[in-house]
Amino acid sequence: MPSKKSVKDKKNTPTANAYGADQIQVLEGLDPVRKRPGMYIGNTAEAGLHHLVWEVVDNCIDEAMAGVCDTIKVKLLPQGTISVEDNGRGIPVEKHKVTKVSTLQTVLTTLHAGGKFGAGGYKVSGGLHGVGVSVVNALSEYLKAEVKRDGKLWAQEYTAGKPQKQVKLLGNAKGTGTKITFRPDATIFSVTEFQLKTILDHLRQQSYLTKRVKIIVYDERDQDKSRHLCYTFYFEGGIKSYIKHISQYSEQKHDNVFYIEKEHDNINVEVAIRYINEYNETLLAFANNIYNAEGGMHVIGFKTALTRTLNNFARKKGYLKDKDANLTSEDVREGLIAIISIKIPEPQFEGQTKAKLGNIEARSAVDKITSEALETFLEENPKDAEGIIGKCILAARARVAARAARETVLRKGVLEGFALPGKLADCSSKDPKNSELFIVEGDSAGGSAKQGRNRETQAILPLRGKILNVERARLDKMLANNEIKSLIIAFGTNIGEQFTIDDLRYDKIIIMTDADVDGAHIRTLLLTFFYRHFPDLIHQGHIYIAQPPLYRIQSGSDVRWVYSDEELNQARDEMVATKLATAQKSGQNKKSARVEIQESVTEPAETTSEEAAESDKNEIRLNIQRYKGLGEMNPEQLWDTTMDPEKRKLKKITIEDAEKADEVFDILMGSDVAPRKRFIQTHAKSAQNLDI
Ligand code: 0RA
């Protein structure tokens with residue numbers, strides 16, 4: 001967008017004059033955007049739809065970063081409309097030197113080649129967004145821009161990017177700011193409903209990355225005002241607050257979060273660190289508020305600085321003796337939570353998903369700022385230093401011990417020659433190509449599955465209780481766990497360095513758990529286990545999730561199983577229609593042709609076939625049972641609905657699915673049990689969505 005400040009001059013308040021015609025290089029109409037929306041916003045599905053919001057919000061964040069805006073309001077309105085309002089400077093309204101129309105209209109109706117106006121300026125956001133509000137306008141069936149500036153309120157409305165009238169002066173106004181209200185074009189987007197969760201997650205993150213800006217989200221889509229919702233995000237400490245948030249449920253290794261914000265080489269660097277009592281590392285890197293899933297130069301600079309600084313300090317203070325080896329980069333990253341956020345004038349994004357920062361200069365800037373500040377922090381906070389260095393040294397010792405243990409374990413061949421586990425009901429076929437292994441939660445469901453299965457091709461392995469928390473456990477400990485050992489022996493592949501996919505005994509490994517919170521938890525545990533230790537089984541498409549039905553719906557002799565609420569509605573409509581047709585035919589002989597539909601949703605136990613039978617021709621009885629657990633189905637029903645290869649639904653697990661399960665793992669597996677339980681309860685639904 002016009003007049004975006006470089007990092008260097010962002011502290012000087014730019015004047016309206018700083019934004020001038022000379023900064024605008026190429027201006028183009030909006031036709032290309034409507035012709036090829038994907039080029040500008042990635043796609044026209046849910047992600048693309050939300051990109052429109054991010055785009056407008058990015059502009060507000062730019063204002064906040066310039067220190068001229070402290071509040072951003074996002075309002076979800078009925079009929080797919082959304083508004084984004086800030087109290088920034090307001091888009092200039094005066095006549096534009098090049099276009100000879102209002103600058104407001106110019107900003108909203110012209111596309112800038114390359115997505116950037118002017119040289120030297122930078123947008124807070126790069127990557128896929130950062131294309132300009134004009135793109136939002138082009139892809140909206142309706143857009144209204146309102147600007148408060150110089151004591152006046154101005155507005156202009158657009159249809160599909162075309163101004164309906166000139167910019168109009170509406171009257172006087174207090175303060176300054178911009179409000180963009182828009183409704184994405186339903187002829188362009190395949191989805192037009194905004195997802196509150198997506199919006200909250202994104203804005204919460206943006207708010208952490210932009211300290212002291214208040215972001216308020218209102219959900220006012222419901223007709224019923226009492227159901228309107230409002231969420232406020234405001235983080236005084238920016239990424240320092242973010243670190244506290246991420247580590248809140250974990251056992252912390254030290255009290256003070258390390259935090260630095262500094263500029264070097266025109267690059268603004270912010271780093272925050274805390275160590276917790278875990279084995280894995282959580283590292284989030286951002287460049288210009290874009291999450292860099294694939295890392296990049298800033299991450300490399302950070303890791304080098306971290307290892308070097310901690311080693312130097314540990315030696316200097318005698319934590320590491322002359323004879324001790326250096327801490328490895330693995331050692332210093334065990335239990336580390338780190339956030340790196342940089343602002344750089346011309347970010348270059350590389351990699352498969354354009355999520356990796358390529359700027360070489362970011363590496364030295366982050367390295368320099370991190371090492372200097374971390375050394376000072378350690379010197380000034382000896383207690384924190386002790387906690388951090390202690391954790392790293394422990395990690396180093398554990399690494400050495402674990403290697404030794406693993407070597408003995410593998411040498412002894414703990415898994416080799418082991419008989420198949422006793423509770424495994426194996427299939428009779430020895431041909432892996434048509435063999436399947438069902439991993440079933442609990443003994444009772446395991447019993448039904450054993451009875452209902454096709455013995456030739458389907459093997460059943462019931463798992464008792466929760467499997468070991470694989471995230472925390474090292475290989476040697478894991479191999480001592482019976483549930484884990486049973487799984488690995490059943491697979492036939494061995495584990496770790498000994499893993500051989502050619503020895504896999506089943507083509508499909510199917511996780512079959514209940515559709516409830518515990519089921520979701522066990523599924524997450526298993527997926528994490530596969531993700532961490534058997535990624536090849538996922539990559540090669542061997543891991544599946546069974547999908548038991550959610551409901552059984554019966555009308556007379558017509559019985560159907562359905563797997564989602566949509567399917568339930570559809571089945572219900574069909575059954576009612578069929579019944580109506582029959583009832584009306586026979587009803588012609590009767591006095592009353594009125595048909596009443598009785599619908600009841602019952603717990604399985606309450607339903608008997610007598611009750612479900614039709615008692616009166618004028619009444620349609622639909623019986624709907626909600627299935628909660630596998631244990632509620634008898635062996636035949638389990639076979640019919642969930643195991644029969646001809647009828648069942650299976651979901652193949654992709655590496656992304658497993659990755660998501662792994663992400664929620666931190667919270668699920670934190671050492672503190674109460675908040676974990678709370679998380680699972682409040683997120684049971686989304687956790688299921690993640691896993692299934
Ligand atoms: C052009 C120039 C200036 C600010 C903006 C656009 C601007 C755009 C949006 C979109 C949403 N909120 C916004 N706020 C500002 C610079 C204005 C100046 O220098 O006075």
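Since the model is a prediction, treat every value here as computed from it, not as a measurement. Quick note: residue numbers are just sequence positions, from 1. Counting convention: from 1, in listed order, for ligands and their atoms alike.
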- Message: Contact between ligand 1 and I180 is defined here as a heavy atom of the residue under 4.0 Å from a ligand atom; is it met?
- Response: no
- Mind checking what makes side-chain hydrogen bond (donor to acceptor under 3.5 Å, both in side chains) contact with Y218, not counting sequence neighbours? none
- Query: Which one holds for P92 and ligand 1: side chain close, backbone close, both close, or neither close, with close meaning a heavy atom under 4.0 Å?
  - Reply: side chain
- Task: For the residue pair H202 and W54, categorise the inter-ring angle as parallel (less than 30°), tilted (30 to 60°) or perpendicular (more than 60°).
- Result: parallel
- List every atom of ligand 1 that sits less than 4.0 Å from any heavy atom of N59, numbering the atoms from 1 in the order shown and giving each element. 9 (C), 10 (C), 11 (C)
- What are the two closest heavy atoms between I337 and I243, and how far apart are they? O-CD1, 3.5 Å
- Message: I'd like to check which ligand 1 atoms, numbered from 1 as shown, lie under 4.0 Å from a non-hydrogen atom of D86.
- Response: 11 (C), 12 (N), 13 (C), 14 (N)
- Task: Return yes if some donor-acceptor pair links the side-chain N/O of R183 with the main-chain N/O of E141 below 3.5 Å, else return no.
- Result: no
- Could you tell me whether the side chain of D86 and the main chain of T178 form a donor-acceptor pair under 3.5 Å? yes
- Query: Numbering the atoms of ligand 1 from 1, which are under 4.0 Å from a heavy atom of T178?
  - Reply: 11 (C), 12 (N), 13 (C), 14 (N)
- Item | ligand 1-proximal atoms of E55, by part, heavy-atom distance under 4.0 Å | neither
- Message: Need the ligand 1 atom indices (1-based, order shown) with element for anything under 4.0 Å from a heavy-atom of E63.
- Response: 4 (C), 14 (N), 15 (C)
- Message: Show the atoms of ligand 1 that are less than 4.0 angstrom away from any heavy atom in R149.
- Response: 17 (C), 18 (C), 20 (O)
- For ligand 1, is there an atom lying under 4.0 Å from some heavy atom of V133? no
- Item | Sidechain N-carboxylate O distance under 4.0 Å for D185, R34 | yes
- Which pairs count as salt bridge (Lys or Arg N to Asp or Glu O under 4.0 Å) when at least one residue sits in residues 161-174, sequence neighbours excluded? none
